[in-house]
> 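This structure is in structure tokens; I'll ask about it shortly.
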Amino acid sequence: MNVIVLLADGIRPDTLTRAIESGALPALARLRAEGRQYEITTVFPSVTGCAYVPFLTGRFPGPVGLPGQRWLDRERTWCSFPDYSRSYLGPQMRLFNGDLDPGTRTIFEIIDGGVGAMSIVTRGLRPENAFMVFGIRQAVRATWTHFWGGSRAMFTVDRDIAAAALSRVGQTPYLFAAFATADKISHESGQESPGVLKAMRIVDDTAAEMRSRLERAGQWDDTRLWVTSDHGHSPVSKHEDLPRVIDSFGHRTLAHPNVFRPRTDTAVMVSGNSMAHVYVDTGSRRRPYLSGMSARARALVDKLAALPSVDVLLAPEDESTCRVISAARGQAAVSRNGRCYSYTRRGGDPLGLGADLKDLSTLAAYDACAASRYPDALVQIAELALSRRSGDVVLSAATDWDFRARFEPTKHVSTHGSLRREHMMVPLLTNHVLKGVPRRTADLFPSALKVMGLPIPDGLDGSSFE
Ligand SMILES: [Zn+2]
């Protein structure tokens, strides 16, 4: 069996459904009629780059060293002087694969001859099978401009990606192609804008042409075609200038692009732009956890939690427990014990789960959050907030808010990155009815290995739906 994954970046399940039902995407409509359309969850942070990691490694991004589009290296181990920070939204995008935990095997390290087009995770990908691979100066620039810059040339890039993917279809056991234009257009003009539909038509045309070629080659019945996305989108009109707000509380804040500011004590690293890592007491190389913070930093946590832009604030208490604070709904703790997850209300119910939950498996924890405002929050909070490179405080934005007011290359009328349902749910369209129940984007990786008859490594964050 061969596997093809087409990723339509930033497409919500309802957007795909509407587009299919309008008749605008005939090839995807046919796939849906013969197979099925599911809704699954992405990861926190629900952002491009980090959210590609589960498809290509079967892991969540935090535990494998990629906690956000930007992060601070408090330990000064991985990033360089003087700022010790990372931002993949620029030339440092080339460092993404080096930051990925060396013990994690990518799909390209397992499947001989896999092809990746705009896959961001490229470790193990042979140069001749990589499209827009990093390494050549122009390619780096073209790639990061494509993902983070203006959208003018975007349709052209997506068509080039389609052509590249089509040139290899039928000749590889595994093909991953990502189409980033829909995300860009959504940021600039909203997910409902006509440009998003135009971008989805490129994915539809690609699926149609792939099918036709595979049918002619007699390979269609031996192909799994999965069309999915990496995060959702929601409208935003209010932009919190987080570094200025934190400075106004009496701190000196490091934030991109001004990462060479001297004598800072706090760092803000935004992703999406609806999530942010905040690092406090940054003079110390050790993570303070909530109880070890200076009095000023501890006061900052309370002030951040009270901001109207902050929906949910996460503050790790130690290596296994994270406090969850919502100004409106009070406090609770999320804790992790191996692969078991617990939720303990502490005078509040910030995730709205209605009960304390004790030692749930990853699947039971998933089901406990499935109907809530925060799908998969129990697992996603524990796995991100408790990971080594994450902030001392992690913020998830409120509806209609994000965390960047300045220095954006394009205007933002739509956003993503948070724990909220509209950012966490993504579609999964398959050309066949699945045997099992797909839940997470991390499930695609073991499922691909299973249908190819390959062993599934231990320690993955997803499980096979095949
Ligand atoms: Zn994206």
Side-chain angles (χ1 to χ4, degrees), residues 5-16 39-57 60-62 66-70 87-90 93 96 116-122 132 143-151 154-155 157-158 161 176-191 193 195-196 199-200 202-203 226-236 270-276 380 384 396-397 402-404 408-410 412-429 440-442 444:
V5 178
L6 302 182
L7 188 150
D9 200 301
I11 289 295
R12 285 197 313 261
D14 60 297
T15 307
L16 180 63
E39 281 189 34
I40 59 175
T41 50
T42 183
V43 291
F44 182 54
S46 45
V47 295
T48 310
C50 302
Y52 282 32
V53 171
F55 295 115
L56 298 158
T57 68
F60 300 138
L66 300 162
Q69 289 174 326
R70 301 179 177 96
S87 171
Y88 303 118
L89 288 82
M93 188 174 180
F96 194 85
M118 299 305 270
S119 69
I120 304 185
V121 175
T122 54
M132 308 297 270
T143 304
W144 74 260
T145 303
H146 177 66
F147 279 105
W148 325 118
S151 65
M154 298 291 291
F155 293 109
V157 177
D158 272 9
I161 290 303
F176 177 95
F179 300 83
T181 299
D183 183 39
K184 304 293 310 176
I185 306 269
S186 297
H187 280 302
E188 283 186 12
S189 1
Q191 180 114 135
S193 72
V196 171
M200 279 195 288
I202 297 175
V203 180
W226 298 333
V227 181
T228 186
S229 186
D230 58 334
H231 55 77
H233 253 279
S234 70
V236 62
V270 174
S271 294
N273 295 326
S274 284
M275 80 81 69
Q380 294 303 320
L384 181 74
S396 178
D402 68 14
F403 294 127
R404 291 264 294 183
E408 283 301 305
T410 60
H412 274 54
V413 303
S414 191
T415 186
H416 56 88
S418 84
L419 281 164
R420 302 193 328 265
R421 174 168 287 274
E422 56 269 39
H423 297 172
M424 288 298 295
M425 299 308 298
V426 295
L428 172 65
L429 184 61
R440 300 180 168 104
T441 53
L444 271 72

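Computed over heavy atoms, backbone and side chain alike; hydrogens, waters and symmetry mates excluded. In this chain, residues are counted from 1 in sequence order. Numbering of ligands and ligand atoms starts at 1, following listing order.
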> I'd like to know: is the Zn ion (ligand 1) within the 2.8 Å range of an N/O/S atom from His231, strictly under that distance?
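Yes, within the cut-off.
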
> What is the ring orientation for His416 with His423, classed by angle as parallel under 30°, tilted 30 to 60°, or perpendicular over 60°?
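The arrangement is perpendicular - the two ring planes meet at more than 60°.
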
> Specify whether an N/O/S atom of Asp9 falls short of 2.8 Å from the Zn ion (ligand 1).
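Yes - counting backbone and side chain alike, Asp9 has an N, O or S atom under 2.8 Å.
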
> If you consider just the N/O/S atoms, which atom of Asp230 is the closest one to the Zn ion (ligand 1)?
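Of the nitrogen, oxygen and sulfur atoms in Asp230, the Zn ion (ligand 1) lies nearest to OD2.
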
> To the nearest 0.5 angstrom, please state how far the CZ atom of Arg440 sits from the CD1 atom of Ile40.
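Spacing of CZ (Arg440) from CD1 (Ile40) equals 11.0 Å.
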
> Classify the side-chain pair His231/Asp9 by whether it contains a donor and acceptor separated by less than 3.5 Å.
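A pair is found: one side chain offers a donor N or O, the other an acceptor, under 3.5 Å apart.
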
> May I ask you to check if any N/O/S atom from Thr48 comes under 2.8 Å of the Zn ion (ligand 1)?
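Within the cut-off used here (under 2.8 Å), Thr48 does place an N, O or S atom near the Zn ion (ligand 1).
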
> Partners of Arg12 by salt bridge (Lys or Arg N to Asp or Glu O under 4.0 Å), sequence neighbours excluded?
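Counting only residues at least two positions away or on another chain, Arg12 forms a salt bridge (Lys or Arg N to Asp or Glu O under 4.0 Å) with Asp14, Glu192.
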
